[in-house]
Amino acid sequence: MSMSHDKKIAYPVTGRWWGDPDAEPVPAPAPDENGEIHYQPYSVTIPWEEAWRLNRDVLLADARAVEAGEGVGDSDESNWLTYGVTFVCQFVGALTLACSMLTDLGRRMRAAVDSGEPVLVPDWLAEQGAGLTPEQLPHLVATVLGQRLVTESQEQSEVAARAYAMLTVRAAIAGDHHEFDELVNEQAEPEWLVPGLQDACIAVAVSCAGIGWGEELAPSRVIEMTEYSWTGEQAVGMLQR
């Protein structure tokens, strides 16, 4: 896989409470005597869209493996995502993926309303979304998912990070800086929050697979067709104090 390791980004990166090197792009280290470059864990900052694409590719591969009845294994991409790039890049990539899937859902529903084409709408969404515009549905879906995960986390402690992360997605998709700051701050350990956010992407994909399509899709198809519709700049705008 080709990565622009030495490409400096012009975007403002905060995340200072997660410590260096998250706060600034890190230049590529010099080659050793054998011409090889060795990266330290969590040391490389990549452009935001590349972070989104890396998260999408890893989640897509995992979803396809699960759907095929196979175990989820390590790959160059998943290892690079988990150990190579900074926590801020992991966070931004996962947050933009979750919010992009939700944004695409709103756009699908808007297109369905405008065209009059019938699409799948689960009963809970038809009931709770009555009177809402298609553009308001992403926040509703994130809210319902968050409530479900919070309830599950009371019985299964391993779901806690996923539930917490889903509340973060809800705050981001709504542009609620106050709620977002309450969740993503100095006390939010990235080693706990980032995997939870990546797991939250799975929950979003599963939910979106049954909303706004002509028929229910496999989650992998939702991930595959997701566009970069909620950007890294928006994520950084939420991170900035």
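For the single chain, residues carry numbers from 1 onward in sequence order.
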message: Any non-hydrogen side-chain atom of R170 less than 4.5 Å from a side-chain atom of E179?
response: yes

- prompt: Which distance, rounded to the nearest 0.5 Å, do you find between the CD of E233 and the CE of M238?
  reply: 14.5 Å

field: Minimum-distance pair of heavy atoms, taken over all atoms of G146 and L167
entry: CA-CD2, 4.3 Å

- request: Look at the side-chain heavy atoms of Ile, Leu, Val, Met, Phe, Trp and Tyr, link any pair under 4.5 Å apart, and say whether L132 and L125 land in one connected group.
  value: yes

query: Tell me, do F91 and L239 make a side-chain contact under 4.5 Å, heavy atoms counted?
result: yes

- request: Return each pair, listed once, that meets ring-ring contact (aromatic ring centres under 6.0 Å, His included) where at least one residue sits in residues 103-125; pairs must be two or more places apart or across chains.
  value: none

message: I'd like to check T168 versus F180 (side-chain heavy atoms, cut-off strictly below 4.5 Å). Are they in contact?
response: yes

task: Just do the side-chain contact (heavy atoms from CB on, under 4.5 Å) check on S229 and R107 with the steps written out, would you?
output: CA-CA 10 Å; S229 52; R107 292 178 176 179; 3.5 Å; yes

task: Scan residues 217-236 for pairs that pass ring-ring contact (aromatic ring centres under 6.0 Å, His included), counting only residues two or more places apart or in two chains.
output: W52-Y228

query: Is there a donor-acceptor pair closer than 3.5 Å between any side-chain N or O of S153 and the backbone N or O of A163?
result: no

message: List the residues meeting side chain to side chain donor-acceptor pair (under 3.5 Å) with R110, not counting sequence neighbours, and say none if there are none.
response: D114, E135

- prompt: Got a donor-acceptor contact below 3.5 angstrom from the Y164 side chain to the L193 backbone?
  reply: no

query: So do the side chains of V236 and W48 get within less than 4.5 Å of each other, counting heavy atoms only?
result: yes

message: Hydrophobic clustering (ILVMFWY, side-chain heavy atoms < 4.5 Å, transitive) - are W192 and L149 grouped together?
response: yes

message: Any non-hydrogen side-chain atom of L120 less than 4.5 Å from a side-chain atom of I211?
response: no

message: How close do M109 and V121 get, counting heavy atoms only, and between which atoms?
response: CE-CG2, 3.7 Å

field: From CA spacing to verdict: side-chain contact (heavy atoms from CB on, under 4.5 Å), L95, Q234
entry: CA-CA 10 Å; L95 183 63; Q234 290 172 273; over 6 Å; no

field: From CD (E77) to CZ (R53), nearest 0.5 Å
entry: 12.5 Å

- prompt: Is there a donor-acceptor pair under 3.5 Å between the side chain of E155 and the backbone N or O of E152?
  reply: no

task: Look only at the side chain of R148 and the backbone of T143, and say whether a donor-acceptor pair between them is shorter than 3.5 Å.
output: no

- prompt: Quick one: which of C208, C201, S207 gives a side-chain contact (heavy atoms from CB on, under 4.5 Å) with V204?
  reply: C208

task: Specify the closest pair of heavy atoms between C99 and A172, including all atoms of both residues, with the distance to one decimal.
output: SG-CB, 4.0 Å

message: Donor-acceptor check, side chain of D199 to backbone of A161, threshold 3.5 angstrom: yes or no?
response: no

- prompt: For the atom pair OG1 (T226) and CG (L60), what is the distance rounded to the nearest 0.5 Å?
  reply: 9.0 Å

S78 and S75 side chains, donor-acceptor separation under 3.5 Å: yes

task: Give a yes or no answer on whether the side chain of T96 reaches the backbone of G93 with a donor-acceptor pair at less than 3.5 Å.
output: yes

task: Apply side-chain contact (heavy atoms from CB on, under 4.5 Å) to the pair M225 and L217, showing each step before the final yes or no.
output: CA-CA 11 Å; M225 291 188 288; L217 302 182; 3.5 Å; yes

query: Got L197 and R162 here, is their nearest side-chain heavy-atom distance under 4.5 Å?
result: no

message: Please check this pair: side chain of E67 against backbone of A218, looking for a donor-acceptor N/O pair closer than 3.5 Å.
response: no

statement: Here the gap from D76 atom CG to D57 atom CG, rounded to the nearest 0.5 Å, amounts to 12.5 Å

field: Enclosure of E70 CD (heavy-atom neighbours >12, cutoff 6.0 Å)
entry: yes

- prompt: Does the side chain of Q128 come within less than 4.5 Å of V144's, by heavy atoms?
  reply: yes

query: Are any of the side-chain heavy atoms of Q198 and N55 separated by less than 4.5 Å?
result: yes

Salt-bridge criterion met for R221 and E224 (N-O under 4.0 Å): yes

statement: Shortest non-hydrogen pair, P122 vs G210, comes out as CD-O, 3.6 Å

query: Are R108 and V119 close enough, and set up right, to give a side-chain contact (heavy atoms from CB on, under 4.5 Å), and what steps lead you there?
result: CA-CA 9 Å; R108 285 198 308 277; V119 293; over 6 Å; no

query: Looking at M101 and V222, what are the two nearest heavy atoms and their distance?
result: SD-CG1, 4.2 Å

field: Donor-acceptor pair, side chain of E227 and main chain of D104, under 3.5 angstrom
entry: no

- request: Taking all non-hydrogen atoms of both residues into account, name the closest pair between A63 and I223 and its distance.
  value: CB-CD1, 3.9 Å

